[in-house]
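Data block below; observations after.
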Amino acid sequence: MDKVVATALEAVADVPDGATLAVGGFGLSGVPNVLIEALYERGVGGLGVVSNNCGAMESGLAVLLSAGRIARVTGSYIGANKEFARQYLAGELEVEMIPQGTLAERLRAGGAGIPAFYTPAGVGTQVADGGLPWRYDGSGGVALASPPKEVREFDGTEYVLERGIRTDFALVRAAKGDRHGNLVFNRSTRNFNPLAAMAGRVTIAEVEELVEPGGIDPDAVHLPGIFVQRVVALTPEQATAKMIEKRTVSG
């Protein structure tokens, strides 16, 4: 089955207002910028986003966030995104912050058809007990707080129940993909991308290099095409347009 779509705009044409999205990337690494820009161009809003963070340096999800297109974020890192912090504290944005490993496993579990799992991460904290501020009221008070979660003991150790995540769509970026949707990620871009792709009911991948079926050694596939419904081939300019978050030099 040929899953290649001609343009990013065509690939996201059926993403409606209020859709939930799992988005790959970590910082500036492996972020599906072209698909995000296409969503911005379409004017889609009220989105519920599941991602490690919400963009950086006015790129990635920060494009949608700054435009007021995101209503809720499920993530594990705010970082240096001042607009993310401002919207959250002002009560303009609902935010569910969870441990990073738990986020990764919730995405993987959702994609694997596992409805919930137990983990020790967060036991004895507000992650399990509830009370984390999901939304502020704009005046310093909490308008909506997280509910308590089930805690159960196994072999003398307590674990908290976490639910798998499924989203309407997923947006990911890969170094290489074929027409069947098999994907290969380059080094650190393999971060949240395979997990986000698994969690989406409709997964859209932008690929830096498109190859024909058979062009990827089956043993080299990081994510099989069963998880991918649409593939967008980037132009050489789009594929090489990569920002550097923090430059360091050594003497």
Side-chain angles (χ1 to χ4, degrees), residues 1-25 30-55 58-75 81 83-84 87-88 90-98 103 106-113 115 134-135 143-144 163-174 177 181 183 192-207 223 225-234 238:
M1 180 184 298
D2 191 341
K3 301 179 181 179
V4 175
V5 180
T7 67
L9 275 172
E10 183 181 342
V12 302
D14 59 346
V15 178
D17 290 342
T20 55
L21 307 172
V23 182
V31 179
N33 287 308
V34 175
L35 292 171
I36 291 170
E37 289 283 354
L39 278 181
Y40 173 79
E41 188 172 338
R42 282 199 54 235
V44 179
L47 299 169
V49 171
V50 182
S51 185
N52 165 258
N53 59 79
C54 206
E58 300 180 353
S59 68
L61 286 171
V63 172
L64 296 173
L65 181 75
S66 297
R69 308 282 182 78
I70 297 176
R72 191 179 197 276
V73 176
T74 301
N81 190 328
E83 178 60 14
F84 187 1
Q87 290 189 25
Y88 177 38
E92 301 171 10
L93 185 69
E94 186 173 315
V95 178
E96 180 183 0
M97 297 296 290
I98 57 178
L103 175 62
R106 286 182 67 182
L107 289 165
R108 191 203 68 82
W134 280 1
R135 181 183 290 276
L144 179 65
R163 299 189 62 177
I165 292 175
R166 291 285 279 164
T167 58
D168 301 322
F169 294 85
L171 309 180
V172 299
R173 180 173 180 133
L183 302 180
F192 276 86
N193 275 299
L195 306 171
M198 293 175 67
R201 293 181 177 88
V202 175
T203 293
I204 310 168
E206 60 180 62
V207 300
L223 184 81
I226 188 87
F227 291 110
V228 179
Q229 283 68 49
R230 301 170 194 167
V231 176
V232 177
L234 301 182
Q238 290 171 332

Would you say the side chain of [Y] lies within less than 4.5 Å of the side chain of [X], judging by non-hydrogen atoms?
| X | Y | result |
| --- | --- | --- |
| Val202 | Arg230 | yes |
| Asn53 | Phe84 | no |
| Leu39 | Leu171 | yes |
| Asp168 | Val15 | no |
| Leu61 | Ile36 | yes |
| Cys54 | Ile70 | yes |

When rounded to the nearest 0.5 angstrom, what distance separates [atom1] in [X] from [atom2] in [Y]?
| X | Y | atom1 | atom2 | result |
| --- | --- | --- | --- | --- |
| Arg42 | Asp17 | CZ | CG | 8.0 Å |
| Glu83 | Glu92 | CD | CD | 7.0 Å |
| Thr167 | Leu21 | OG1 | CG | 7.0 Å |
| Phe169 | Leu47 | CZ | CG | 10.5 Å |
| Trp134 | Glu94 | CH2 | CD | 6.5 Å |
| Arg108 | Ile165 | CZ | CD1 | 12.5 Å |

If every non-hydrogen atom of [X] is compared with every non-hydrogen atom of [Y], which pair is closest and at what distance?
| X | Y | answer |
| --- | --- | --- |
| Leu35 | Glu206 | N-OE1, 2.9 Å |
| Tyr40 | Ala67 | CE1-CB, 3.7 Å |
| Leu93 | Arg72 | CD1-N, 4.0 Å |
| Ala11 | Val232 | CB-CG2, 3.5 Å |
| Leu223 | Ala197 | CD2-CB, 3.3 Å |
| Pro32 | Val23 | CG-CG1, 3.7 Å |

ask   = Within a radius of less than 6.0 Å around CD1 of Ile226, do more than 12 heavy atoms belonging to other residues, nucleotides or ligands occur?
value =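 No - once you tally the heavy atoms of other residues, nucleotides and ligands closer than 6.0 Å, there are 12 at most.
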
(message) Is it the case that atom CZ in Arg163 sees more than 12 heavy atoms from other parts of the structure closer than 6.0 Å?
(response) no

Quick check against the 3.5 Å criterion: does [X] have a side-chain atom that pairs as donor or acceptor with the backbone of [Y]?
| X | Y | value |
| --- | --- | --- |
| Thr203 | Gln229 | no |
| Gln87 | Leu65 | yes |
| Asn193 | Val172 | no |

| Stepwise side-chain contact (heavy atoms from CB on, under 4.5 Å) check, Thr74 with Ile98 | CA-CA 8 Å; Thr74 301; Ile98 57 178; 4.2 Å; yes

So side-chain hydrogen bond (donor to acceptor under 3.5 Å, both in side chains) across residues 1-12, not counting sequence neighbours, yields Asp2-Arg179

Checking Val4, Leu183, Val228 against Val207 for side chain to side chain contact (heavy atoms under 4.5 Å, CB included), the one that qualifies is Leu183

Exercise for the section: State plainly whether the residues Arg106 and Glu96 are in salt-bridge range, i.e. N to O under 4.0 Å. Expected result: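 Here Arg106 pairs with Glu96 in a salt bridge, since their nearest N and O are under 4.0 Å apart.
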
